[in-house]
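Reviewing the structure listed below.
Numbering of residues begins at 1 and proceeds along the displayed sequence.
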Amino acid sequence: MRKNNQACKLWICLLCSFILLPLGTYAQEKGDTIAGKVHEIENVTVTGKRAPVKITTSSPVQLISKEDIKNLGFQNMADAIRRFAGTNVRDYGGIGGLKTVSVRNLGAAHTAVSYDGVAVSNCQAGQIDIGRFSLDNVSSLSLAIGQDENLLQPARLYASAGVLNIETEKPVFEDGKHSLSQIQVRGGSFGYIAPSVRRWQKLGERTSLSADASFTRADGNYPFTLVNGKYVTKEKRNNSDINTWQGEANLFHTFHDDSRLDIKAYYFYSERGLPGSVTLYNPKAEERLWDENVFAQTHYKKQISDKWTLQAQAKFNHSWNKYEDTDVKYENGKQTDINRQDEYYLSATLLYHPAKGLDISLAQDGFINTLHTNINDSPNPMRYSSLTALNARYQWGRVKILGTLVGTFITEEVKAGNTPDDRKRLSPTLSVSIQPWKEEQLYVRAMYKNTFRVPTFNDLYYLHIGNTALRPEKAHEYNIGIAWNGKPFAFTDFLSITLDGYYNEVDDKIVAFPSTYVWKMLNYGKVHITGIDATMATSISVTSGISVGLSGNYSWQKAIDLTNPNAKNYKDQLPYTPKHSGNASATIETPWVNLGYSLTGVGERYYMAQNIPVNRIDGYIEHSATLWREFKWSKNSFRLQAEVINFTDKQYDVIKYYPMPGRSFRAIGTLRF
């Protein structure tokens, strides 16, 4: 009864603030006027080359633009995110394999994924499969380690150790156009075909609509080499097929007072085979997975006055998945698990600019998560969460200071079994950026951030394994670095360099620990992570029509387990954590044809806790190249692109026993009219 009252009070307060805050905007003036008439400035498009990293931020922020995505031939979201320094992407192989991202080895559950400014959630497993997001309509990808300096973020993003921001394209109408259509067809090796369509439509002077739809299918049965002692055989993956349908529609409206309202509806459905691990000569794989995700979200932003800005968000998210395994070991010859998650989310952020150089914001989020399964005696939990973030940014000359305090309150209800205790916590962040010389774009930065991740529904309630007494994982991030941007040579447009050293601690790490009869989730882990991230980007204008772009990054990381001094893996490197990793890319643009080349290198690592030779996974370097040309006539354009991925046909695993594809080819045709 006490928890019901607390939940009711929480939601009444949040709903009132969400409704009443926008009402205050109606009394404000409707923008700048001259003699009572509203004057609008026509849209101006500015083009030019700029540094692709945000060097002035007090925390490391990396960016990949739409042009980078197209010109370097990234296959999917995971392939693009691997280019960020400090990321660890787990990839189970193929187009349909699960792909998750972890920032500086803190774990996927500590990394938030934001889709057009609103967080993506998975309360059951705590990690997001980034492979389900398409790159076709992405305008930029950015990774903020610690947090971005945008004070209008929802509180949910401040509460994470790192944030992956996915921003989709918004309609842009040039030369008096009122609509734009695009048809794209991708095709390639292993039965891959992926057509997509797009429509941008101007509905009025202040209203536009965008719609994207795509379909992807692939057999996914790529060949690989199996090594068993002295025997080497050619095998082929099976049960790797996938079919996905994806679509979204966006409505953009700017009011007469220049406030903006964006509404998005999103749908995703997939059916895929799970190829399973390769264990000697057992090719059997009968597991299948169905996923469906539907969400609708709104985003409202208003500049109330010179000192006040309001942002409000709302979202409903529905996720459904079905797992099916056919095997004689089951009573009826088949096991079927069905899970359904729903989330109801509200967020409001108010930004105040009281004086020159000082900005303060208050963000309040509230959300309800539910989980229903077909497992007998399932607790079917319901979680009520409230997050409050108080943020302040002060700039005094060439010194910038940013501080955040996040307050978290979580309470839960279950239909069966024990209910976990309420969780309350304050989490601070402090970051500083200093520009030593006014004439030089050199910045020294330092950051401390304290975050925690609440146990997932699986951690708490999974059959026979879940433990409702779990404490949240606690993470401490320390970062110190330098960032520089300039034009040291006459032939360069810019040269940007960043170097960051970091130290992370994770306490009360949640691990599956063997007990007398069954495994149990326990707070048992303690991890220390030390590392260095370095990035470089430059652009060179060879002649008026030829330019070269170069970029790369390198990461060194030592992530050791300090849980048990008596354990054999004490101070050993964590599983799947290479000490050395990095990538490099180059693009050459000419009036005739354009070239792109990229490589990704990962050092050796271990797939089990002990760092012994039998557990070692060899390092690898993967090379890819792309060739493209765009043809324009009238107001239309056609882009033709050819790609070869892993052109050295390197055999490697990201996850042990899940071989990645060898050499593959892809062609892309894009018509815009």
Side-chain angles (χ1 to χ4, degrees), residues 49-65 68 72 80-89 101-106 111 140-150 161-165 395 398-402 429-449 477-489 492-504 529-540 549-558 579-587 598-601:
K49 295 184 181 296
R50 61 177 178 86
V53 289
K54 299 181 180 180
I55 66 165
T56 63
T57 56
S58 52
S59 300
V61 178
Q62 302 171 68
L63 178 72
I64 295 177
S65 68
D68 294 330
L72 291 174
I81 293 170
R82 284 193 190 97
R83 270 61 184 182
F84 289 133
T87 58
N88 184 6
V89 177
V101 59
S102 170
V103 173
R104 292 180 172 176
N105 226 1
L106 292 170
T111 305
S140 68
L141 295 171
S142 65
L143 179 70
I145 299 176
Q147 65 190 50
D148 203 333
E149 291 186 2
N150 176 18
V163 179
L164 172 66
N165 287 291
Q395 183 150 5
R398 299 189 300 276
V399 178
K400 186 190 302 181
I401 302 173
L402 180 68
T429 299
L430 180 65
S431 59
V432 180
S433 174
I434 301 173
Q435 184 183 7
W437 300 282
K438 184 178 180 180
E439 300 78 13
E440 193 73 32
Q441 291 291 307
L442 173 68
Y443 298 85
V444 180
R445 58 194 181 193
M447 179 201 70
Y448 165 75
K449 184 165 188 174
E477 297 178 80
Y478 304 86
N479 186 93
I480 185 168
I482 58 173
W484 177 80
N485 181 66
K487 189 177 179 181
F489 310 107
T492 59
D493 297 311
F494 71 87
L495 175 62
S496 177
I497 297 173
T498 68
L499 178 65
D500 287 276
Y502 61 89
Y503 174 72
N504 300 332
I529 305 159
T530 307
I532 296 173
D533 290 339
T535 71
M536 183 279 295
T538 189
S539 176
I540 302 170
L550 302 172
S551 65
N553 67 63
Y554 166 78
S555 293
W556 173 85
Q557 187 176 106
K558 183 178 181 181
K579 285 188 176 181
H580 306 279
S581 62
N583 60 77
S585 61
T587 58
S598 66
L599 67 85
T600 299

Review point. How long is the gap from OH on Tyr443 to CZ on Arg398, to the nearest 0.5 Å?
Key: 10.0 Å
**Study point:** Point-to-point distance, once rounded to the nearest 0.5 Å, from OH of Tyr448 to CD1 of Ile480
**Key:** 16.0 Å
**Study point:** Under the side-chain contact (heavy atoms from CB on, under 4.5 Å) test, residues paired with Lys487 that sit two or more places apart
**Key:** Thr492
Point to revise | Rounded distance (nearest 0.5 Å) linking atom CD1 of Ile145 with atom OG1 of Thr111 | key: 9.0 Å
Check your understanding: Can you find a heavy atom in the side chain of Leu495 that is under 4.5 Å from one in the side chain of Met536?
Key -> yes
Revision key, fill the gap. Taken to the nearest 0.5 Å, the spacing of Ile529 CD1 from Leu106 CG works out to 5.0 Å
Study note, to complete from the structure: d(Ile532 CD1, Trp556 CH2) to nearest 0.5 Å is 6.0 Å
Check your understanding: Where the side chain of Ser555 meets the backbone of Ser581, is there a donor-acceptor pair that is under 3.5 Å apart?
Key -> no
Exercise for review: Start with the C-alpha distance between Leu143 and Ile81, add both sets of side-chain angles, then the distance that settles side chain to side chain contact (heavy atoms under 4.5 Å, CB included), and finish with yes or no.
Suggested key: CA-CA 9 Å; Leu143 179 70; Ile81 293 170; over 6 Å; no
Practice item. Apply the test side chain to side chain contact (heavy atoms under 4.5 Å, CB included) to residues Ile401 and Leu430: give CA-CA distance (whole Å), side-chain angles for both, the deciding distance (0.1 Å), then the verdict. Key: CA-CA 8 Å; Ile401 302 173; Leu430 180 65; 4.0 Å; yes
Practice item. Apply side chain to side chain contact (heavy atoms under 4.5 Å, CB included) to the pair Phe84 and Thr535, showing each step before the final yes or no. Key: CA-CA 9 Å; Phe84 289 133; Thr535 71; over 6 Å; no
Check your understanding: Is there a donor-acceptor contact under 3.5 Å from the side chain of Gln435 to the main chain of Gln441?
Key -> no
Review point. Where do Thr587 and Leu72 land on the side chain to side chain contact (heavy atoms under 4.5 Å, CB included) test, with the steps shown first?
Key: CA-CA 7 Å; Thr587 58; Leu72 291 174; 3.6 Å; yes
Practice item. Considering non-hydrogen atoms only, spot the tightest contact between Asn553 and Ala85 and give its length. Key: ND2-N, 3.7 Å
Check your understanding: Could you state the interatomic distance from CG (Leu63) to CG (Leu141), rounded to the nearest 0.5 Å?
Key -> 8.0 Å
Check your understanding: For residues Ser551 and Arg83, is any side-chain donor paired with an opposing acceptor at under 3.5 Å?
Key -> no
Review point. Any side-chain heavy atom of Thr57 sitting closer than 4.5 Å to one from Lys400?
Key: no
Review point. So do the side chains of Gln557 and Asn504 get within less than 4.5 Å of each other, counting heavy atoms only?
Key: no
Review point. In chain order, what residues pass the side-chain contact (heavy atoms from CB on, under 4.5 Å) check against Ser58, with sequence neighbours excluded?
Key: Glu149, Leu402, Ser431, Ser433
Exercise for review: Work out which heavy atom in Leu499 is nearest to a heavy atom in Ala534; give both atom names and the distance.
Suggested key: CD1-CB, 3.9 Å
Study note, to complete from the structure: Paired with Arg104, the side-chain hydrogen bond (donor to acceptor under 3.5 Å, both in side chains) test is passed by just one of Asn88, Thr87, Asn479, namely Asn479
Check your understanding: Distance-only, no hydrogens or angles: does the Thr538 side chain make a donor-acceptor pair with backbone N or O of Phe494 under 3.5 Å?
Key -> yes
Check your understanding: Is the backbone of Asp68 close enough, under 3.5 Å, to the side chain of Ser65 for a donor and an acceptor to pair up by distance?
Key -> yes
**Study point:** Any donor-acceptor pair under 3.5 Å from Glu477 side chain to Met447 backbone
**Key:** no
